Amino acid sequence: MPVLSAQLRAAAVRLAAAGLVSPRVEAELLAAHVLGVARGRLLLIDAITEPQAAALDELVARRAERIPLQHLTGTAPFLDRELLVGPGVFIPRPETELLARWGIESLHGVADPVVLDLCSGSGALAVALADARPDATVYAVERSDDALPWLRRNVAGTRVSVIPGDVRDVALPAPVDLVLCNPPYVPLSVPVPPEVGHDPAEAVFSGEHGLDLIPVIIARAAEVLRPGGRLGIEHDDTHTPAMARLLAAWQTVTTHPDLAGRPRFTTARR
C-alpha cells in the first residue's frame with residue numbers, strides 16, 4: 001500500500017515546481033479531502049489505498065495546472081463556514097473576512113438589524129452576518145445566473161433572503177442598518193494569478209481603473225441606509241484616494257488594511 005508521507009512529499013515537490021507558494025500545505029489539504037479527514041489527522045495515517053493514491057495524484061496534477069484548490073475540494077473556508085464553491089462563482093478570499101468582522105462589530109448595540117450584501121456571489125458576507133446575528137434580517141443581491149445556484153445552496157437554512165438582479169436597478173429593501181459589498185474592482189490592466197482566471201471575469205474586473213461599479217454601490221447604499229447606517233466596501237489597494245472622493249459627503253470615512261497591510265476596504269456612516 002502507498003505510504004502517505006511519501007505521497008505528500010512527492011505532491012509537494014510537484015506543486016512547488018508549478019509555482020505554488022505553499023505546496024506542502026496544499027498537498028496536505030488535497031490529501032485530507034481525498035481521505036475525508038481533517039488535515040491535522042494526516043499525521044495519524046501511515047498508508048492509503050491504491051485508489052486513494054490515484055485520486056490524490058489526479059488532484060495534484062490538476063492543481064499543478066493552477067486550477068483553484070477550492071474548485072478541487074468544492075469548498076472555501078470563510079470564518080466559521082465551509083462555503084460551497086465551483087465554476088461560475090467568485091471564490092471568497094481571507095481578506096474579505098476582515099470586512100465581515102467589521103460588519104459584525106458595527107452592529108453592536110443595534111437590535112434586529114437589517115443587512116444588505118450587494119454583489120453577494122457565494123453569499124460569504126451575508127452568511128457570516130446571519131451566523132453572527134441570528135436576530136438580523138439579511139438580504140443577498142446577485143445578478144449572475146451562474147453564481148445564484150451557489151448562493152442559494154450556501155444560504156439554505158439561514159435567515160438570508162436572496163434577491164436576484166443587477167445592483168444598478170434592482171429594487172432594494174429599505175431602510176437598512178448595514179450595507180456590505182465585495183464588488184468587482186480589479187483594473188483591467190492589472191495582471192492576476194492563474195487561479196483568478198477561473199473566477200468569473202465580471203466578478204473580478206470593473207473597467208480601466210476598477211471603479212466602474214463602486215460609485216453605483218455607494219449611490220444605492222445612500223438610497224437605502226437609515227440615518228447613521230454604515231457602509232463597507234472592499235476595493236483595490238490603489239483606490240484609497242478615489243474612495244475618499246466618492247464618500248466625501250459621508251461621515252467617519254475610514255480605510256482599513258488587509259492581512260498584508262495594504263488598503264483593502266473602506267467604511268463610512270450615512
Side-chain angles (χ1 to χ4, degrees), residues 18 20 26 29-30 33-34 55 58-97 99-100 115-131 138-158 160-172 180-188 190-207 210 212-214 216-217 220 233-236 265:
L20 272 66
E26 297 214 19
L29 289 170
L30 290 173
H33 173 68
V34 168
E58 180 180 354
L59 288 178
V60 169
R62 296 178 68 193
R63 184 67 186 103
E65 296 171 355
R66 306 302 290 268
I67 295 173
L69 174 70
Q70 297 87 346
H71 282 193
L72 299 177
T73 63
T75 62
F78 194 85
L79 293 183
D80 298 326
R81 284 267 186 165
E82 287 286 334
L83 298 171
L84 300 175
V85 296
V89 69
F90 183 80
I91 298 169
R93 272 49 168 186
E95 290 82 1
T96 307
E97 292 183 354
L99 176 58
V115 180
L116 186 57
D117 174 21
L118 302 178
C119 306
S120 189
S122 66
L125 289 169
V127 170
L129 269 293
D131 284 348
V138 183
Y139 298 93
V141 179
E142 177 55 51
R143 77 171 189 174
S144 168
D145 290 336
D146 293 325
L148 279 166
W150 297 104
L151 172 58
R152 291 192 171 103
R153 291 184 192 112
N154 285 319
V155 305
T158 74
V160 177
S161 299
V162 174
I163 301 177
D166 193 317
V167 67
R168 295 174 179 86
D169 52 27
V170 69
L172 298 175
L180 295 177
C181 185
N182 179 17
Y185 59 71
V186 177
L188 284 171
V190 171
V192 295
E195 288 83 355
V196 177
H198 292 269
D199 283 318
E202 68 173 351
V204 176
F205 300 100
S206 186
D212 281 8
L213 193 59
I214 285 178
V216 176
I217 300 296
R220 293 308 314 266
I233 307 178
E234 187 168 326
H235 55 79
D236 190 70
F265 68 96

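Everything numeric in this text was worked out from a predicted model, so none of it was measured.
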K.L.:
Looking only at heavy atoms, which two atoms of Glu234 and Pro183 are closest? And how far apart?
P.N.:
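Heavy-atom minimum between the residues: O-CD, 3.4 Å.
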
K.L.:
Got a second to check how far Asn182's CG is from Phe265's CZ, nearest 0.5 Å?
P.N.:
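Going from CG on Asn182 over to CZ on Phe265, the span is 11.0 Å.
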
K.L.:
Quick check: does any side chain N or O of Gln70 sit under 3.5 Å from a backbone N or O of Ala76, one acting as donor and the other as acceptor?
P.N.:
no

K.L.:
Would you say Ser122's side chain and Val85's backbone share a donor-acceptor pair under 3.5 angstrom?
P.N.:
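The answer is no, because no donor-acceptor pair under 3.5 Å joins these two groups.
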
K.L.:
Can you tell me how far the CD1 atom of Ile163 sits from the CG atom of Leu148, to the nearest 0.5 Å?
P.N.:
11.5 Å

K.L.:
Atom CG in Leu118, atom CG in Leu213: separation rounded to 0.5 Å?
P.N.:
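Rounded to the nearest 0.5 Å, the CG-CG separation comes out at 9.0 Å.
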
K.L.:
So, using side chain to side chain donor-acceptor pair (under 3.5 Å) as the criterion, who are the partners of Asp166 when residues are at least two apart?
P.N.:
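Once residues adjacent in sequence are excluded, the partners of Asp166 under the side chain to side chain donor-acceptor pair (under 3.5 Å) criterion are Arg143, Arg168.
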
K.L.:
Is a side-chain donor or acceptor of Asn154 paired with a backbone partner of Leu84 at a separation under 3.5 angstrom?
P.N.:
yes

K.L.:
Please test Glu58 against Arg63 for salt bridge (Lys or Arg N to Asp or Glu O under 4.0 Å), starting from the C-alpha separation and ending with a verdict.
P.N.:
CA-CA 9 Å; Glu58 180 180 354; Arg63 184 67 186 103; over 6 Å; no

K.L.:
Which pair of non-hydrogen atoms, one from Leu83 and one from Phe78, has the smallest distance, and what is that distance?
P.N.:
CD1-CB, 3.7 Å

K.L.:
Let me confirm one number: the CG-CZ distance from Leu72 to Arg62, rounded to the nearest 0.5 Å.
P.N.:
5.0 Å

K.L.:
For residues Val167 and Cys119, report the shortest heavy-atom separation together with the two atoms involved.
P.N.:
CG1-SG, 4.4 Å

K.L.:
Roughly how far apart are Phe90 CZ and Ser144 OG, rounded to 0.5 Å?
P.N.:
13.0 Å

K.L.:
Evaluate the side chain to side chain contact (heavy atoms under 4.5 Å, CB included) criterion for residues Leu129 and Asp117: first the C-alpha distance (whole Å), next the side-chain angles of each, then the deciding distance (0.1 Å), finally the verdict.
P.N.:
CA-CA 9 Å; Leu129 269 293; Asp117 174 21; over 6 Å; no

K.L.:
Are Arg152 and Pro164 side-chain neighbours, meaning at least one heavy-atom pair lies under 4.5 Å?
P.N.:
yes

K.L.:
I'd like to check Asp146 versus Val89 (side-chain heavy atoms, cut-off strictly below 4.5 Å). Are they in contact?
P.N.:
no

K.L.:
Taking C-beta and beyond as the side chain, do Ile91 and His71 meet within less than 4.5 Å on heavy atoms?
P.N.:
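Result yes, sub-4.5 Å side-chain heavy-atom pair found.
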
K.L.:
Could you go through the side chain to side chain contact (heavy atoms under 4.5 Å, CB included) check for Ile214 and Cys181 one step at a time?
P.N.:
CA-CA 9 Å; Ile214 285 178; Cys181 185; over 6 Å; no

K.L.:
Any idea which heavy atoms bring Gly121 and Leu151 closest together, and the distance?
P.N.:
O-CB, 3.2 Å

K.L.:
If you apply the rule side chain to side chain contact (heavy atoms under 4.5 Å, CB included), what do you find for Val192 with Phe205, and how did you get there?
P.N.:
CA-CA 10 Å; Val192 295; Phe205 300 100; 4.2 Å; yes

K.L.:
Got a second to check how far Leu116's CG is from Tyr139's OH, nearest 0.5 Å?
P.N.:
9.0 Å

K.L.:
Taking all heavy atoms of Ala140 and all of Val160, pick out the closest pair and write down the distance.
P.N.:
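The pair with the smallest heavy-atom distance is CB-CG1, 3.9 Å.
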
K.L.:
Using the side chain to side chain donor-acceptor pair (under 3.5 Å) rule, collect all pairs that involve residues 73-82, keeping only residues at least two apart or in two chains.
P.N.:
Thr75-Glu82, Arg81-Asp131

K.L.:
State plainly whether the residues Arg220 and Asp169 are in salt-bridge range, i.e. N to O under 4.0 Å.
P.N.:
no

K.L.:
Checking Val196 against His198 for the side chain to side chain contact (heavy atoms under 4.5 Å, CB included) test, could you report, in this order, the C-alpha distance in whole Å, the side-chain angles of both residues, the deciding distance, and whether it holds?
P.N.:
CA-CA 5 Å; Val196 177; His198 292 269; over 6 Å; no

K.L.:
What are the two closest heavy atoms between Arg66 and Ala18, and how far apart are they?
P.N.:
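That would be NH1-O, 3.2 Å.
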
K.L.:
Would you mind reporting whether Pro187 and Asp236 have side-chain heavy atoms less than 4.5 Å apart?
P.N.:
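Yes, at least one pair of side-chain atoms sits under 4.5 Å.
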
